[in-house]
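I have placed the structure first, in the form of structure tokens, so that the comments after it can refer back to it.
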There are 2 protein chains.
Amino acid sequence: MSGKGQQGRRPRADVQRNRAALLAAAQRHFLRDGVGASLEAVAKEAGVGPGTLYRHFPTREALLAAVLQTRSEELVARRADIAQLDDASERLRQWLRAMEEYFSAFSGLPEPLMAAARAQDPDNPLTLPCDDLITTTDEYLRAAQCAGQARPSVKGYDLFLAAISTAWISGTGATDEESLGRLRTLIESGYRERSDEE
Amino acid sequence: MSGKGQQGRRPRADVQRNRAALLAAAQRHFLRDGVGASLEAVAKEAGVGPGTLYRHFPTREALLAAVLQTRSEELVARRADIAQLDDASERLRQWLRAMEEYFSAFSGLPEPLMAAARAQDPDNPLTLPCDDLITTTDEYLRAAQCAGQARPSVKGYDLFLAAISTAWISGTGATDEESLGRLRTLIESGYRERSDEE
DNA sequence: ACCTTGTGCGGAGCCAGCCTCCGTTTTATG
DNA sequence: CATAAAACGGAGGCTGGCTCCGCACAAGGT
């Protein structure tokens, strides 16, 4: 009857240690080698066996989602900053940029994210974050549309696609920052309403 | 002194047969499984050993480039059709669409194409086709710009990026045709000149 | 028809990475 | 300190990429 209610035992100490070590190692490897990094190497660097890794994170996506959790929280924080801005168009613009940076956390990240966004597979731990992003994008977009600053024909999902594909290009490492900037401008001109002040 | 000049021998017959069988099998597998298809399976289906496959095509990219040759010729043919059109803007639009379809030949194709476009690596057999596409895009774009139908700030490479990223999204299979259509429209609005008839 | 030559064939074999299963170790608790 | 549950970790099966070398067979001469 004491402590954690129905759970008879307290959780073991090493499980937390291992989990933390795995996450740290995974982040390093994903940063260096992209989302396709060798999971065996991650386990070795964390000082655990492959079995332990797979017990904690049954799939690559699960590990990815866990590592991404930190970034996700950063994104939420940035959302608060963005909400302070006056101009709806500027809010949308900065939100898109923030989302793109989130997608660019690791090279190759857009691929599994798109796969998760596809089939609403509830087993895929990346599905939830994705849905949230799309919904948020739609909110910012609608605000801009009401202010007459974005075309009515555009949908939130379209801008999600635009942001993730820009991140994909960025992740291939084949393109300089200048070209990426022009591409972002092109997309922005694409969703902005034509008859516009500024 | 007859035939192929300095070459003493005529090329063997089985070489051509094997090459053709490999290309046919590779096309089938790339179509079904994307560019990451198992090369061993390709060799087996072609009725040859792995060694033979790798002698004909030392890398996956080489095989891909050879299979793509057919599509590349289709694209050249389409270019001739497009050149017939009156409107420079329409020519650009249709060229971009043709290029996107070329990129969508196999699932996952944009990835190695971008890698080839990156470093001008002369060893990569996909580099040449890519450069050609970018140059052609630039030509069509310049014509449209001279006709006042495209923004002067846009570059050919930007539209190449837009097309290949659209193809990437399409290849993930995560998006319906309707959303893709809206994305294309968005991009088109992005590069078109604002003060425009129609 | 048969030999000679050398080009091309093909599979055995090695490596890397994914993932699982189970005997062993570690940990919380009485 | 004893005990049982929980977690560990590595051996091992599997797939796929890629190489290397002995062998077979097609081309060309006699």
Side-chain angles (χ1 to χ4, degrees), chain A residues 1-23 25-26 28-30 32-64 66 108 111-112 115 123-125, chain B residues 1-23 25-26 28-30 32-67 108 111-112 115 123-125:
Chain A
M1 290 277 189
S2 71
K4 295 252 175 150
Q6 287 200 345
Q7 309 302 346
R9 288 212 169 192
R10 206 169 57 194
R12 284 169 59 151
D14 49 353
V15 39
Q16 285 260 350
R17 267 197 314 109
N18 283 333
R19 187 186 154 90
L22 281 167
L23 285 176
R28 272 193 298 273
H29 281 253
F30 285 151
R32 182 153 36 85
D33 307 329
V35 296
S38 161
L39 297 188
E40 295 214 326
V42 169
K44 192 188 293 181
E45 187 170 313
V48 305
T52 301
L53 190 157
Y54 286 102
R55 194 168 338 94
H56 279 270
F57 308 101
T59 65
R60 183 181 293 272
E61 282 71 35
L63 178 57
L64 206 45
E111 198 106 355
D123 294 351
N124 192 323
Chain B
M1 295 274 186
S2 71
K4 296 253 176 151
Q6 287 199 345
Q7 309 302 346
R9 287 213 171 190
R10 209 169 56 192
R12 285 169 58 152
D14 48 352
V15 147
Q16 288 260 347
R17 266 196 313 110
N18 283 334
R19 188 186 153 89
L22 280 168
L23 285 176
R28 271 193 299 273
H29 281 253
F30 285 152
R32 181 152 38 85
D33 307 329
V35 297
S38 160
L39 296 188
E40 296 216 325
V42 168
K44 193 187 290 181
E45 185 170 313
V48 305
T52 301
L53 190 157
Y54 285 101
R55 193 167 339 94
H56 280 272
F57 308 101
T59 65
R60 183 180 293 271
E61 283 71 35
L63 178 57
L64 205 46
V67 173
E111 198 106 356
D123 294 350
N124 191 323

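Residue numbering restarts at 1 for every chain, and letters A, B, ... go by the order of the sequence lines.
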field: Pair V35(A)-R60(A), side-chain contact (heavy atoms from CB on, under 4.5 Å): steps then yes or no
entry: CA-CA 9 Å; V35(A) 296; R60(A) 183 181 293 272; 5.6 Å; no
Value for CG (L53(B)) from CD (E40(B)), rounded to nearest 0.5 Å, stands at 9.5 Å
Q.
Looking at dG17(D), I'd like to know if its phosphate oxygens (OP1 or OP2) sit under 4.0 Å from a side-chain N or O belonging to S38(B).
A. yes
Nearest heavy-atom contact between G108(B) and P112(B) is O-CD, 3.1 Å
Smallest heavy-atom separation, F57(A) atom then A66(A) atom, equals CE2-CB, 3.6 Å
Note: L22(B) and V48(B) closest approach over all heavy atoms is CD2-CG2, 3.8 Å
Apply side-chain contact (heavy atoms from CB on, under 4.5 Å) to residues V42(B) and F30(B) and explain how you reach the verdict.
CA-CA 9 Å; V42(B) 168; F30(B) 285 152; 5.7 Å; no
Students should find that the nucleotides of DNA chain C closing off the region near chain B, any atom under 4.0 angstrom from a heavy atom, are dT5(C) to dG11(C)
Note: contacts of residues 54-61 of chain A with DNA chain C (heavy atom, under 4.0 Å) are Y54(A), R60(A)
Nearest heavy-atom contact between A37(A) and H29(A) is CB-O, 3.8 Å
Interatomic distance, CZ@R19(A) vs CG@D14(A), rounded to 0.5 Å, equals 14.0 Å
R10(A) CZ to dA5(D) C1', in whole Å, measures 15 Å
DNA chain D nearest-nucleotide lookup for G36(B) and A13(B): closer to the 5′ end is G36(B)
N18(A) atom CG is separated from dG10(D) atom C1', nearest whole Å, by 15 Å
The correct set of residues in residues 39-49 of chain B placing a heavy atom under 4.0 Å from DNA chain D is L39(B), E40(B)
note: R9(A), atom CZ; dA6(D), atom C1'; distance rounded to Å ~ 7 Å
Checklist line | From CA spacing to verdict: side-chain contact (heavy atoms from CB on, under 4.5 Å), H56(A), N18(A) | finding: CA-CA 9 Å; H56(A) 279 270; N18(A) 283 333; 4.2 Å; yes
note: D33(B), atom CG; dT15(D), atom C1'; distance rounded to Å ~ 14 Å
